[in-house]
Enquirer: 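Provided herewith is a single structure, encoded as structure tokens, for subsequent inquiry.
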Amino acid sequence: MSGLADAFSDDEPAFIPYLAVGDPDIAASKQYVEALVEGGADCVELGLPFSEPIAEGPTIQQAVVRSLSGGITPEAYFEFVDDLDVDVPLVCMTYYNLVFRYGADSGTAAGEGDHTAPGPRPFVKRAAEVGIDGFVIPDLPAEEADELRAACDEFGLDLVFIVAPTTTDDRLATIRERVSGYVYVQARLGVTGAQADVSDQTAESLARIADWDVPKGVGFGISTVDHAARVVSAGADGIIVGSALVDIVADAVENDRTTADVADDLRAKARELKEGALRGARESPEAEGK
Amino acid sequence: MSGLADAFSDDEPAFIPYLAVGDPDIAASKQYVEALVEGGADCVELGLPFSEPIAEGPTIQQAVVRSLSGGITPEAYFEFVDDLDVDVPLVCMTYYNLVFRYGADSGTAAGEGDHTAPGPRPFVKRAAEVGIDGFVIPDLPAEEADELRAACDEFGLDLVFIVAPTTTDDRLATIRERVSGYVYVQARLGVTGAQADVSDQTAESLARIADWDVPKGVGFGISTVDHAARVVSAGADGIIVGSALVDIVADAVENDRTTADVADDLRAKARELKEGALRGARESPEAEGK
Amino acid sequence: GKFGEYGGQYVPEALMPAIEELREAYERYVLENEDGFMDEFRERLRQFGGRPTPLQHAEHLSERYGRVIYLKREDLVHGGAHKLNNALGQVLLAKYMGKERIVAETGAGQHGTATAMAAAHLDMPCEIYMGETDIARQRPNVFRMKINGAELNPVTAGRGTLKEAISETMRDWATNVGDTHYVVGSVVGPAPFPEMVREFQSVISEEAKTQSKEQFGSLPDSVVACAGGGSNTMGAFARFVDNEDVNLLAVEAGGSSLAVDEEEGVAPNSASLSTGGQGVLHGARTKVLQDEWGQIVESHSVSAGLDYAGVGPELAYLVDEDPVTAVNVGDDAALEAFHRLSQEEGIIPALESSHALAYLEEVLGPDSEGDTDAAAELGDRIVVNLSGRGDKDLETVIEETDKREIPNAPDMSEFSGGL
Amino acid sequence: GKFGEYGGQYVPEALMPAIEELREAYERYVLENEDGFMDEFRERLRQFGGRPTPLQHAEHLSERYGRVIYLKREDLVHGGAHKLNNALGQVLLAKYMGKERIVAETGAGQHGTATAMAAAHLDMPCEIYMGETDIARQRPNVFRMKINGAELNPVTAGRGTLKEAISETMRDWATNVGDTHYVVGSVVGPAPFPEMVREFQSVISEEAKTQSKEQFGSLPDSVVACAGGGSNTMGAFARFVDNEDVNLLAVEAGGSSLAVDEEEGVAPNSASLSTGGQGVLHGARTKVLQDEWGQIVESHSVSAGLDYAGVGPELAYLVDEDPVTAVNVGDDAALEAFHRLSQEEGIIPALESSHALAYLEEVLGPDSEGDTDAAAELGDRIVVNLSGRGDKDLETVIEETDKREIPNAPDMSEFSGGL
């Protein structure tokens with residue numbers, strides 16, 4: 001069993017928070033991630049900011065801007081992960097160009113052309129070194145993922161794919177063949193972002209992949225205890241929460257709050273959401289049927 | 001012999017000044033015209049300002065603007081002429097639309113269409129009543145002048161035409177048939193305006209019409225005693241001077257001088273120019289040949 | 001040179017020989033195609049000018065009016081309007097005549113830019129006269145002329161607008177007739193200009209006639225064109241004048257009112273065909289906006305290109321003699337038509353052309369007052385001459401829409417200070 | 001969907017079905033002309049778009065360079081550039097697909113205005129995403145979109161320019177994939193966009209090929225086109241790619257320098273073919289301007305339409321595989337070429353197209369450094385794709401000419417404050 005699946009191993013629903021590393025700076029980021037784990041996170045998605053975050057909504061997009069302005073680079077990101085002292089699996093969430101370009105020694109805008117051909121292997125190798133357990137790459141559909149999949153296999157990392165409400169049956173088969181760690185079930189159409197409600201589409205999506213042997217994490221728009229409970233009771237093995245947490249960081253930046261205060265809030269929010277997930281597990285048809 | 005030819009009847013070269021009536025107002029204009037006659041004018045060209053003075057240079061154009069701003073109308077012009085107490089022939093210089101429209105009782109921008117068809121007869125009739133002896137219409141070539149020629153004949157008025165350096169021999173014949181009073185010889189190409197020199201074209205032009213039986217007045221650019229003398233010595237029967245005099249009026253308006261002062265200057269300038277013309281007559285080959 | 005009582009050559013004597021020379025050249029090169037002049041002209045219109053322009057079926061207007069509406073797309077001509085047809089013809093003719101320099105006047109700058117383009121294309125030195133007031137309010141066009149290499153002569157006389165620029169250009173021509181040709185911008189001025197400009201512009205109706213036959217197998221029932229000086233009008237009508245079954249409608253600028261303020265010497269419209277009287281202006285006898293004495297009054301239209309106190313003498317004649325019907329629409333209706341075509345057909349029309357479009361709305365639109373004669377005159381198949389594109393008018397549209405209640409205008413409040 | 005290693009579909013999972021649906025529709029309607037799609041498209045290009053555009057012999061450039069230069073006059077297309085070819089094709093395709101709404105992004109506003117026009121023409125609701133910074137500096141285009149009835153959505157994220165607008169449009173599409181089509185503006189993005197946009201634009205080379213044969217009896221020796229995203233480039237090259245005797249030159253924006261400031265994350269050029277590395281941007285693997293880590297850098301060009309950090313994947317492929325040669329010219333040379341064509345040919349070119357013209361000067365001009373290989377590659381008969389007109393660029397030309405010594409610029413001091 002891979003590293004990521006560990007997050008789902010205790011029969012409890014997993015709580016998987018997301019933060020952009022370096023938002024608003026490396027030091028604060030570190031405390032925030034630790035607070036989330038203290039609050040009950042079973043796994044953390046650590047965002048490596050890319051300049052063109054096409055799958056993100058405004059909340060995470062702003063986080064990416066803050067982080068990039070703070071000077072985050074892939075190497076700084078890896079060092080951050082290396083330094084991190086938490087005992088849960090870690091997922092690197094980023095866009096493919098950063099994976100593809102890492103370690104290619106030229107052929108950038110500086111103009112010398114490609115001497116070391118770009119490709120995902122150096123990035124995966126380095127990620128494995130620092131303790132990353134898997135990847136979510138939102139702009140890399142399964143069809144384009146062969147090289148990355150191979151590198152992950154080589155270094156024993158998981159590659160999570162997203163399943164959207166629009167994903168066709170044909171494509172589900174393609175994804176199923178390639179996915180590992182968990183499958184990221186997109187709760188609704190659109191981009192990341194906290195929402196007032198969680199879509200009915202979630203249950204349908206979960207039903208379509210019920211027989212897959214990887215855990216199902218549901219994300220996109222989960223922001224409250226109720227959402228968490230409902231999603232888990234609909235059959236999710238875990239919940240993925242990003243924007244609702246990033247909102248707390250954004251608010252802190254705007255209102256100039258201390259890192260410790262923010263960490264407290266994140267820890268509390270994590271507890272709430274984890275609690276919601278647990279409630280959902282108790283209320284699930286499966287649990288009630290027991 | 002027509003009224004205008006009287007100006008040339010004394011064997012002396014004629015001095016024919018031009019002023020725009022109503023520049024800068026009716027009262028001043030009257031004193032200026034009288035001063036010019038006192039200074040030796042043998043005939044006066046009285047400009048009736050038109051809104052589109054296409055044949056005028058900047059000097060007379062500005063005079064036209066001043067006069068129109070003062071509210072001059074064709075009827076006010078006729079009253080001005082009627083009131084004028086001078087004993088020389090008077091030429092009305094204007095553009096054809098004012099001649100054509102006078103007395104047409106509608107069909108203006110007010111919009112009722114033409115009830116009384118426009119035509120030159122009412123204008124000529126009224127001009128004759130107030131003592132005008134002839135016309136110069138710079139935008140009316142001989143080919144378009146049949147109606148006006150007929151009206152002039154009916155009321156015993158002269159119709160002066162311009163001969164330009166570019167006028168072809170064919171057109172000379174057309175003009176010769178229709179001209180009366182005097183022929184206005186355009187000293188050079190271009191528009192009216194005082195010039196530093198008088199063109200050689202003048203002598204050529206005069207030579208081409210030497211055998212015509214109307215007097216030859218030369219205009220366009222005559223501004224100094226020397227010009228006057230040279231033009232007359234080249235064979236002109238008279239000199240026509242506009243811009244050099246209008247300059248004096250313009251200068252007076254700009255510097256807020258009294259009407260009496262300006263009248264004095266105009267009288268003096270008239271004397272000078274007349275003197276120049278007389279000198280030219282004495283120096284002419286013809287005179288020297290005697 | 002005459003069209004009934006209209007037309008003629010009311011110009012200073014010094015210009016008469018130049019005009020005669022021009023008439024001869026016109027007859028030889030244009031009418032008789034001497035030295036292949038017309039072949040070269042047509043080829044340049046095609047390659048440089050982008051002709052032929054389409055005769056486009058306007059689907060949404062057709063639906064709206066329950067008639068079949070076609071747009072003759074002069075807005076696609078190089079430079080953005082029909083103006084180039086004439087400018088190119090005259091500059092080329094000047095070249096054939098051995099002239100070494102051209103001059104032109106311009107008001108809003110459309111004729112000036114077309115002339116500057118044609119002159120650059122044919123490598124002919126070019127000077128443009130433009131009133132100072134117009135220069136100040138038409139800076140993009142001034143700039144376009146300059147980058148096309150034309151020399152711009154500001155005219156300070158009078159109010160510094162089109163009238164003064166015309167006078168000044170005539171003066172230049174009178175001074176330099178030997179080597180200079182004056183590129184008159186519309187079917188106005190002394191003969192042979194009205195006829196010659198009409199011939200250069202008649203490519204519009206020549207194409208439209210052929211296209212009508214090809215696209216729907218017959219001639220249109222009517223042709224509608226806006227009329228200021230009348231060059232696009234005559235161009236759109238010329239080849240249809242002899243077809244009695246084709247009704248020709250010249251739509252003038254009614255401005256804000258058809259009345260005139262004689263005291264101020266201002267007509268708040270440019271409807272000389274509809275309201276003007278016979279007069280002599282800029283070299284020709286025609287219909288003119290003038291006061292009771294014959295002084296020319298200031299005309300007005302929201303469309304600078306229609307804002308002229310005279311009109312082509314041939315058009316005045318054709319209206320008197322009936323082949324052409326003169327109608328007019330006001331500023332508001334033109335602005336509404338501007339927004340309608342932009343939204344419904346994806347074409348931003350010149351404010352000039354918007355007048356022609358507005359006439360359709362007036363007669364056939366949902367709020368039309370049911371003038372059945374006018375509706376019948378338009379017939380089933382209507383060709384509207386879209387004389388130019390409206391990019392040049394954006395500032396004016398902002399300013400003028402802002403002043404009024406134009407029901408179909410989008411919210412433009414963020415632009416109320418201009419672009 | 002791939003061009004060698006380039007291309008592909010690097011998009012969020014949620015969009016994959018929409019892209020597959022689009023590919024199917026593209027294959028049926030465009031490639032197989034199902035339901036007469038291509039017939040309707042071509043007829044609308046003709047009537048509404050004003051095609052075919054001329055292939056004009058440029059006399060003065062030909063004299064200057066001692067070669068025979070032809071200009072493919074895409075500046076005469078409705079809207080003022082080749083952009084409409086693609087916008088019209090995609091909006092029509094969206095209609096055939098039963099979509100009820102289109103979205104598009106725009107940087108300088110050219111693709112936005114073309115899309116708004118096409119959407120109005122085809123009666124399709126249209127929303128345009130545009131960065132706030134771009135909105136502030138491209139007000140005339142913003143206004144044009146609005147009067148064509150498009151809804152404009154300002155994008156406040158990041159620096160508020162094209163990159164952010166693209167991301168935001170992708171998000172809208174990802175949210176509304178069911179009823180919405182995203183009209184991508186160039187030969188970029190995930191498959192099938194690069195291929196589809198190339199097909200819609202290939203009318204340029206299709207016409208140019210026919211016209212070459214008709215006008216001079218053979219194919220040209222070379223075709224020169226500017227390259228930003230590459231839609232006019234691919235359009236101008238597509239039908240010549242298989243003719244080995246025709247040399248194809250893609251002229252990129254060299255900006256002020258080919259170097260990059262990694263610290264600032266800025267490349268003062270847009271020459272991704274010449275200097276970029278392989279990367280994945282906006283849905284496709286292609287050549288990209290990026291820093292050592294793969295972060296996309298801000299590109300630059302005096303021409304807003306070339307100012308993009310990526311390039312079409314097919315073009316990247318063709319450059320690698322040799323049918324296309326990538327070259328570049330800087331801002332100064334482009335401005336000089338802008339003034340040259342305006343003055344010498346009477347055509348005001350877009351600053352984009354000015355880059356293609358500038359390359360001729362660089363290789364063949366009086367001050368060229370005698371690169372005989374490059375001169376030989378151009379051959380005797382050269383077709384330059386004049387992708388658009390420059391009216392939209394006047395403000396930029398004033399500002400940028402003012403900063404520099406452009407030897408052939410007219411005196412523009414009176415405009416130094418802008419129009």
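This is a predicted model, so every value here is computed, not measured. In the text below, chain A, chain B and the rest are named by the order of the sequence lines, each starting its count at 1.
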Enquirer: Heavy-atom distances under 4.5 Å only: say whether D:Pro410 touches chain C with side chain, backbone, both or neither.
Expert: side chain
Enquirer: Can D:Leu357 and D:Leu386 be said to form a side-chain contact (heavy atoms from CB on, under 4.5 Å), step by step?
Expert: CA-CA 8 Å; D:Leu357 297 162; D:Leu386 201 69; 4.0 Å; yes
Enquirer: Just give me the residue among C:His339, C:Met412, C:Arg73 that pairs up with chain D most often, heavy atom to heavy atom, under 4.5 Å.
Expert: C:Arg73
Enquirer: In plain terms, say whether C:Arg64 and C:Glu345 are close enough for a salt bridge, that is, a side-chain N and a carboxylate O under 4.0 Å apart.
Expert: no
Enquirer: Go through it in stages, so that I can follow the logic: the residues are D:Asn385 and D:Ser387, the test is side chain to side chain donor-acceptor pair (under 3.5 Å), and I'd like the CA-CA distance, side-chain angles, deciding distance and then a yes or no.
Expert: CA-CA 5 Å; D:Asn385 193 35; D:Ser387 55; 5.3 Å; no
Enquirer: Need one label for D:Glu414: side chain, backbone, both or neither, based on atoms under 4.5 Å from any heavy atom in chain C.
Expert: both
Enquirer: Is chain D contacted by the side chain of C:Asn408, its backbone, both, or neither, given a heavy-atom distance below 4.5 Å?
Expert: neither
Enquirer: Minimum heavy-atom separation for D:Ala337 and D:Ser354, please, with both atom names.
Expert: CB-O, 3.3 Å
Enquirer: For the pair C:Tyr70 and C:His57, name the ring-plane relationship: parallel under 30°, tilted 30 to 60°, perpendicular over 60°.
Expert: tilted
Enquirer: Hey, are the side chains of D:Arg404 and D:Asp331 touching, using non-hydrogen atoms and a 4.5 Å cut-off?
Expert: yes
Enquirer: Relative to chain D, which segment of C:Glu395 carries a heavy atom at a distance below 4.5 Å: side chain, backbone, both, or neither?
Expert: neither
Enquirer: Count the heavy-atom pairs under 4.5 Å between each of C:Lys392, C:Arg389, C:Arg44, C:Glu344 and chain D, then report the option with the highest count.
Expert: C:Arg389
Enquirer: Work out which heavy atom in C:Ala108 is nearest to a heavy atom in C:Asn141; give both atom names and the distance.
Expert: O-ND2, 3.0 Å
Enquirer: Give me the atom names and distance for the closest heavy-atom approach of C:Ile147 to D:Ser342.
Expert: O-CB, 3.2 Å
Enquirer: Please rank C:His121, C:Arg51, C:Glu43 by heavy-atom pairs under 4.5 Å with chain D and give me the top one.
Expert: C:His121
Enquirer: What part of D:Val77 lies closer than 4.5 angstrom to a heavy atom of chain C: side chain, backbone, both or neither?
Expert: backbone
Enquirer: Which atoms of D:Asp391 come close to chain C, meaning under 4.5 Å heavy atom to heavy atom: side chain ones, backbone ones, both, or neither?
Expert: side chain
Enquirer: Pick whichever of C:Leu341, C:Thr53, C:Val142, C:Ile398 has the most heavy-atom pairs under 4.5 Å with chain D.
Expert: C:Ile398
Enquirer: Given that the side chain runs from C-beta out, which part of D:Ile347 has a heavy atom under 4.5 Å from chain C: side chain, backbone, both or neither?
Expert: both
Enquirer: Looking at chain D, which one of C:Val397, C:Leu55, C:Leu71, C:Leu76 has the largest number of heavy-atom pairs inside 4.5 Å, strictly under?
Expert: C:Leu76
Enquirer: Check each atom of D:His78 against the heavy atoms of chain C and say whether the ones under 4.5 Å are side chain, backbone, both or neither.
Expert: both
Enquirer: Could you tell me whether the side chain of D:Arg340 reaches within less than 4.5 Å of the side chain of D:His60, counting heavy atoms only?
Expert: no
